[in-house]
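Just so it is clear, the model here is predicted, and its values are computed rather than measured. Chain identifiers are assigned alphabetically (A, B, ...) following the order of the sequence lines, protein sequences preceding nucleic acid strands; residue numbering begins at 1 within each chain.
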Amino acid sequence: MSTVTATPVRATEGRRSRLTQALGTALPVYALLLLLFGALAITDPGFFEADRFLAFVRRAAPLVLLAAGQYLVIVSGHFDLSVGAIVTAGVVVAAEIYQDFPGAHWLVVTLALVAAGGLVGLVNGLVSTVLRVPSFITTLGMMLILQGGVFYWTGGSPTGSLPEEFRAMGRNDVFGWLPWAVLVCAAAGVGVALLMRSRFGRTLIATGDSDRTAELSGVSVHRVRVIAFVLSGAAAALAAVLVGGYSGISAQAGSGMEFEAITAVVLGGVLLGGGRGSVLGAMAGAFALTALFTLLNLRGVSGALEPTVQGVIVIAAVAVGAANWSRPRARLLTGNRPPPGSADPTHAPGPTDSTGGPTA
Amino acid sequence: MTATTETRPLPAPAKETAARWRRQLSDPAVGIWLAALGVTLLGWLVVALDGGEFLTQPNITGILQNCVALGLIALGQTMVILTGSLDLSVAFLASLGTLVAADTMAGEDANLVVGVLAVLALCTAVGLANGLIVTKLKVNAFIATLGVALILRGWIEDNYTGPSGAVSPSFQRLGYDRIGPIPVSVFLLAAVALALWFVCRRTRLGHHMFATGGDEHAARLSGVRTERTVVIAHVLCALCVGIAALFLTARFGAGSPWAGTEASYDLESIAAVVLGGTILAGGRGGVVGTLGGVVVLAVLDSVFNQLAVDPFFKNVLRGVVIIAAVAVYARRRRSTRRSA
């Protein structure tokens, strides 16, 4: 039908397609974020005052870090279910370190934790790629190992306390107004965004889209995936420092965070199974999820019903995203196979069929 | 990748039997039962060296009893995973099932049938919801069932603060009666397994499930109503969870908000399914393997208990065993796929 449409119309369509392409599959999450911010502004007029808003960003920061790390793993075609356990382990291990070495410098401890997180990611990555264990199982096993190990080590209830200068990153401000966490979050965000524009980012997405094609094009598939896992583990350890600083030691510090991170990533328009979506969308998804929690709190939804509302909204948001922007390419993939729909020729994006065929 | 391009020499007749044996052994369902046997023998040896007795009748009864709840849920999970989907809502559904069953029965035998029907109706509804969200709203199964799990969790936390209701006395016998050394509930598990095996291997629905899981696009082009198949698989899974919930109610004597989540049946069942050789992406695997996976986990649990391993350290060992076991298959599967 495109032959009938006049040229100027085609031109605007072209511009619109460039815009949608720039925003990519993440368009619904930006809309959702705007919607939630609007609702927050109506519910609580003071929400957008600088200090309140920065406090909100600080609360969101750990999840944003986790979502960025999780994005790298998911876009390469895998899962990382161990991040919540890494957060818990990070907080508890930090407390144990300070019990044995009370004078340790906070930077040393932080770097040690991040390195340890990267090491966990390295094991996840090597087992998932070289040994070809589905990452769902690898990281699930790692979750059991870390949780069990931490509790075994601490005898079931972590004790001790974190010194003030270590907690500063999670709860103090720089220059008296800018929370450290916001700075860390922004730095990580810029870093990952640049990383995704680099050669590594492009090979990572190519690997997630079709690892066979990527391999034949000369990509060292295993290596990019292992690096993604390492970065995810390191990001989770950094999130642990923020969580530990913000809310102190708890055996529940990171429980459920792996699912929150995956939800945030999917909310951000990233396809489970890999190859699609932007890291900015994933991080926006984390902000949207935190905004949703904040809104539910402000609206006084009773604590018990909160999960229900959250579940409904997450399903609805993803459904809206799925209906507009993607097709059921692959509902769940464990990685070692290209999605069955990737050979689907009708899948090519583009607004050319404005008359609209059946989009079943 | 060179192996795929090499031309294989034709198998000599003498090698054929050996090749067939190797093929049989590389079938994960056979492998996991051999592993179960191996784990049992190893457990018996280790416990014997530790000065205990492993293969005693009460211990075997305990292992069998421990298989039932996880077994039922893992069987349901097998149906969903075979179809290429996933169900993360099973743990909360099991909890809600026990609460509904115990509340409806309220300790009266007269309410027994109503209680059972109420649980099955609830589970059918949740299964339908899962299936329809996955197929009609095109929400990724991981997120869809996670969302449903959150919804159920909110429902439970809003309405229940602790154990609730009471099971009817005659129904409680399902949890405790035995025929010889074998608990009655094991027969329930066997019956469900047999029924699902029949569905998978001998009915059109089963073939459609394998086809949908193997390649949904190809299945749809071949005339399979893939969406309906996925929905039915989700309903079957939820019904299995309902039966497991009924068993757990009979066992506990009351409904518990933590019945399903404490044992984290969602992730455990997926681990059992994958241990049993069913592929997470769908299309390959089956009921027999899943049962083997459940037996391995139950035997391991029993061995750890006999050795009085610290419960937290038990989790570490379990994680290592799951990863190692699946790694062994993954290697084997790769070699068979390459040569095929």
I'd like to check the salt bridge (charged side-chain N to carboxylate O under 4.0 Å, His left out) partners of B:Glu157; sequence neighbours left out, ordered by chain and number.
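Expected list: B:Arg153.
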All salt bridge (charged side-chain N to carboxylate O under 4.0 Å, His left out) counterparts of B:Asp301, not counting sequence neighbours:
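With sequence neighbours excluded, B:Asp301 shows a salt bridge (charged side-chain N to carboxylate O under 4.0 Å, His left out) to B:Lys314, B:Arg318, given in chain and number order.
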Student check: side-chain heavy atoms of A:Val127 and B:Ile323 closer than 4.5 Å:
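Yes, at least one pair of side-chain atoms sits under 4.5 Å.
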On the 0 to 90° scale, with breaks at 30° and 60°, tag the A:Phe136-B:Phe142 ring pair as parallel, tilted or perpendicular.
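Perpendicular: the ring planes of A:Phe136 and B:Phe142 meet at over 60°.
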Can you tell which of B:Leu146, B:Asn159, B:Ile322 has the highest number of heavy-atom pairs within less than 4.5 Å of chain A?
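Of B:Leu146, B:Asn159, B:Ile322, B:Leu146 has the most heavy-atom pairs under 4.5 Å with chain A.
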Please state whether the side chain, the backbone, both or neither of [X] comes within less than 4.5 Å of a heavy atom of chain A.
| X | answer |
| --- | --- |
| B:Ala144 | backbone |
| B:Leu88 | side chain |
| B:Val148 | both |

Considering all heavy atoms, the nearest A:Pro134-B:Leu280 contact
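What the structure gives for the nearest pair is CB-CD1, 4.2 Å.
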Where is the tightest heavy-atom contact between A:Pro307 and B:Gly154, given as atom of each residue plus distance?
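So the minimum-distance heavy-atom pair works out to CB-N, 3.9 Å.
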Given heavy-atom pairs under 4.5 angstrom as the criterion, report whether the side chain, backbone, both or neither of [X] touches chain B.
| X | value |
| --- | --- |
| A:Met142 | backbone |
| A:Val266 | side chain |
| A:Ile315 | both |

Hey, mind stepping through A:Thr308 and B:Asp158 against side chain to side chain contact (heavy atoms under 4.5 Å, CB included) and telling me if it holds?
CA-CA 9 Å; A:Thr308 300; B:Asp158 198 39; over 6 Å; no
Just to be sure I understand the criterion: a residue of residues 146-154 of chain A counts if one of its heavy atoms is under 4.5 Å from a heavy atom of chain B. Which ones qualify?
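Hits under 4.5 Å: A:Gly148, A:Gly149, A:Phe151, A:Tyr152.
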Mind checking ring-ring contact (aromatic ring centres under 6.0 Å, His included) for A:Phe229 and listing every partner two or more places apart, or none if nothing turns up?
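A:Phe229: ring-ring contact (aromatic ring centres under 6.0 Å, His included) contacts with A:His78.
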Quick one: CD1 on B:Ile143 to CG on A:Leu272, what's the gap to the nearest 0.5 Å?
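If I round to the nearest 0.5 Å, the distance is 6.0 Å.
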Spacing of A:Leu144 atom CG and B:Ser264 atom OG [to the nearest 0.5 Å]
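Separation between the atoms: 7.0 Å.
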Identify which one of B:Val274, B:Leu267, B:Leu275 satisfies the side-chain contact (heavy atoms from CB on, under 4.5 Å) criterion when paired with A:Ile137.
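The side-chain contact (heavy atoms from CB on, under 4.5 Å) with A:Ile137 is passed solely by B:Val274 among B:Val274, B:Leu267, B:Leu275.
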